[in-house]
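I have placed the structure first, in the form of structure tokens, so that the comments after it can refer back to it.
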Amino acid sequence: MIYADNAATTKLDIDAFEAMKPFFLENYANASQPYSFARSAKKALRDARTSIAKCIGALPEEIYFTSGGTESDNWVIKGMLQYGDYRAVVTSAFEHHAILHACQHIERLGYPVAYVYPTNAGIVSSRNLATIISPQTKLVSIMMANNEIGTIQPIQELCTLSHSQGALFHTDAVQAVGHIPIDVHGLGVDFLSASAHKFNGPKGIGFLYIKQGTTIEPFSDGGAQEYGLRAGTENIASIVGMSVALQKSCEELHTVQLYLKELEQIILLKLDAAHIDYCRNGKEPHIPGNLSLSFKGFDGEMLLHRLDLMGIMVSTGSACNSKNTQLSHVLQAIRANEDYAMGTIRISLGKSNTKEEAEKIADSLIKILSKH
Ligand code: PLP
């Protein structure tokens with residue numbers, strides 16, 4: 001089997017797995033307890049927070065553990081609500097559903113939400129944002145990298161513009177953390193969402209970066225965990241797994257980036273050499289390894305199933321969208337050419353894919369496309 005759907009999820013890193021093990025059967029204490037048996041859980045929690053903070057240029061006290069990207073995104077959007085304060089949220093039309101559906105939820109409660117459209121190249125420009133944002137905007141939320149087409153957004157510029165209008169800035173960096181260098185203080189963002197299973201960490205764990213001094217409503221009420229803002233016994237094993245996976249991803253980042261670009265080229269050059277009529281969605285810069293390709297006159301679902309029969313796992317769009325045969329909201333938002341867009345697949349390569357696998361993916365695609 002060739003797994004080429006790393007934007008949907010990744011394989012757990014073996015070192016992360018090993019680091020998690022002692023926290024299931026040996027050091028299983030609740031980190032909130034004062035006795036000595038809880039010491040190693042407490043230390044693991046502290047070390048993981050410090051290590052994760054370092055990877056994104058944050059302070060340890062700015063990292064809040066959550067159950068993943070969906071929770072972090074929901075927390076920011078809903079945590080901004082305050083009775084009597086009806087200033088707007090601005091987001092983009094091609095965000096992940098964790099943001100879009102949370103925004104629809106607050107709209108139903110009477111809070112205004114405005115949507116900025118990305119360009120045809122898959123970029124939210126500060127020029128477009130400037131037409132929508134106003135001093136009445138409370139929060140701007142723009143993703144760092146799009147999960148379907150991989151385009152990387154000019155976050156620093158968008159954040160500066162938002163701050164100039166007095167708005168807070170959140171970025172859903174679920175597809176970016178562990179894949180491109182990130183320095184939250186340099187970017188100036190107030191909130192950043194991340195999810196471990198996108199960078200070879202375990203599923204069901206993530207974090208929200210909250211800039212020191214920024215006000216947000218608690219995600220949950222209960223115990224004093226996560227500085228009193230996200231109550232619930234900490235998932236120490238997963239937190240440890242996430243910190244090991246992130247540290248490793250950051251250490252290997254430049255090597256892996258170059259390698260994934262090389263794999264992309266293997267596929268694209270083979271398609272070119274076979275004179276396949278395709279277009280790549282979104283302009284550079286892309287998240288390394290993310291290839292959203294559209295084939296004229298083909299159906300993405302059909303391509304996915306034919307590749308599956310040949311042992312190759314890809315996606316038609318985002319994983320949450322794969323049962324939907326209509327054009328995805330992302331391709332609609334960038335106004336992708338419909339002749340091509342219906343035949344879109346997302347190949348997302350990871351560090352464990354080999355060059356031979358990249359060749360096999362291209363050869364299999366060419367076989368399917370030429371037979372038709
Ligand atoms: N945001 C983006 C951009 C994503 O790609 C995903 C997952 O696909 C999420 C949020 C949701 O993250 P999680 O699966 O950790 O809930």
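Computed over heavy atoms, backbone and side chain alike; hydrogens, waters and symmetry mates excluded. The residues of the chain are indexed from 1 along the displayed sequence.
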CG-CG distance between Leu369 and Leu271, expressed to the nearest 0.5 angstrom: 7.5 Å

For atom CZ of Phe17, is the number of surrounding heavy atoms from other residues, nucleotides or ligands below 6.0 Å larger than 12? no

Looking just at side-chain N and O atoms, do Thr344 and Ser294 make a donor-acceptor pair shorter than 3.5 Å? yes

Do Glu107 and Tyr111 have side-chain heavy atoms sitting under 4.5 Å apart? no

Cut-off 3.5 Å, side chains only: do Asp190 and Tyr209 have a donor facing an acceptor? no

More than 12 non-hydrogen atoms from neighbouring residues, nucleotides or ligands closer than 6.0 Å to CZ on Arg39, yes or no? no

Expected output: side-chain Arg306 to main-chain Leu304 donor-acceptor under 3.5 Å: no

For Ile210, is there any backbone N or O sitting under 3.5 Å from a side-chain donor or acceptor partner on Thr214? no

His96 and Asn146: side-chain donor and acceptor closer than 3.5 Å? no

Test item: side-chain donor near acceptor, Gln82 and Lys138, under 3.5 Å: yes

For Ser328 and Glu148, does a side-chain donor sit closer than 3.5 Å to a side-chain acceptor? yes

Ring centroid separation for Phe191 and Phe169, is it under 6.0 angstrom? no

Heavy-atom distance under 4.5 Å between the side chains of His97 and Thr70, does that happen here? no

Using side-chain heavy atoms (C-beta onward) and a distance below 4.5 Å, is Asn353 in contact with Asn6? yes

State whether Lys43 and Asp47 are salt-bridged, where the test is any N-O pair (Lys NZ or Arg NE/NH1/NH2 against Asp/Glu carboxylate O) under 4.0 Å. yes

Distance in Å, Ser352 OG paired with Ile14 CD1, rounded so as to fall on 0.5 Å steps: 12.0 Å

Evaluate the ring planes of Phe295 and Tyr278, with Trp represented by its six-membered ring, and classify them as parallel (under 30°), tilted (30 to 60°) or perpendicular (over 60°). tilted

Between CD1 on residue Ile106 and OH on residue Tyr86, distance to nearest 0.5 Å: 11.0 Å

So does Arg49 pair up with Glu234, basic N to acidic O under 4.0 Å? no

Look at Glu251 together with Lys248 and state whether they make a salt bridge at an N to O cut-off of under 4.0 Å. no

Leu25 atom CG, neighbour heavy-atom count above 12 within 6.0 Å: no

Please check this pair: side chain of Ser67 against backbone of Ile205, looking for a donor-acceptor N/O pair closer than 3.5 Å. no

Report yes if the side chains of Asn128 and Thr119 come closer than 4.5 Å at any heavy-atom pair, otherwise no. yes

Ignoring hydrogens and angles, tell me if any N or O in the side chain of Lys198 forms a donor-acceptor pair with the backbone of Ala7 under 3.5 Å. yes

Under a 3.5 Å threshold, yes or no: a donor from one side chain and an acceptor from the other, between Thr151 and His286? no

Look at the side chain of His179 and the backbone N and O of Ile287, then say whether any donor-acceptor pair between them is shorter than 3.5 Å. no

Neighbour count above 12 (heavy atom, 6.0 Å) for Lys355 NZ: no

Determine whether Trp75 and Leu229 make a side-chain contact, defined as any pair of heavy atoms from C-beta on separated by less than 4.5 Å. yes

Ring centres under 6.0 Å, that's the criterion: do Tyr117 and Phe94 meet it? no

I'd like to check Met313 versus Ile2 (side-chain heavy atoms, cut-off strictly below 4.5 Å). Are they in contact? no

Salt-bridge contact Asp73-Lys78 (side-chain N to carboxylate O under 4.0 Å): no

Could you tell me whether Lys42 atom NZ has more than 12 heavy atoms of other residues or ligands within 6.0 Å of it? yes

Any side-chain donor near an acceptor of the partner, Lys203 and Thr9, under 3.5 Å: yes

Can you establish whether the number of heavy atoms outside Tyr28 located under 6.0 Å from its atom OH is more than 12? no

As an exercise, state the distance from CG of Asp308 to CE of Met1, rounded to the nearest 0.5 Å. 9.5 Å

Spacing of OH belonging to Tyr115 relative to CD1 belonging to Ile132, to within rounding of 0.5 Å: 11.0 Å

Heavy-atom distance under 4.5 Å between the side chains of Leu365 and Ile345, does that happen here? yes

Can a side-chain donor-acceptor contact be found between Glu157 and Thr160 if the only test is distance below 3.5 angstrom? no

Sub-4.5 Å side-chain heavy-atom contact between Pro135 and Arg87: no

Tell me if a side-chain donor or acceptor on Gln156 pairs with a main-chain N or O of Gly186 at a distance below 3.5 Å. yes

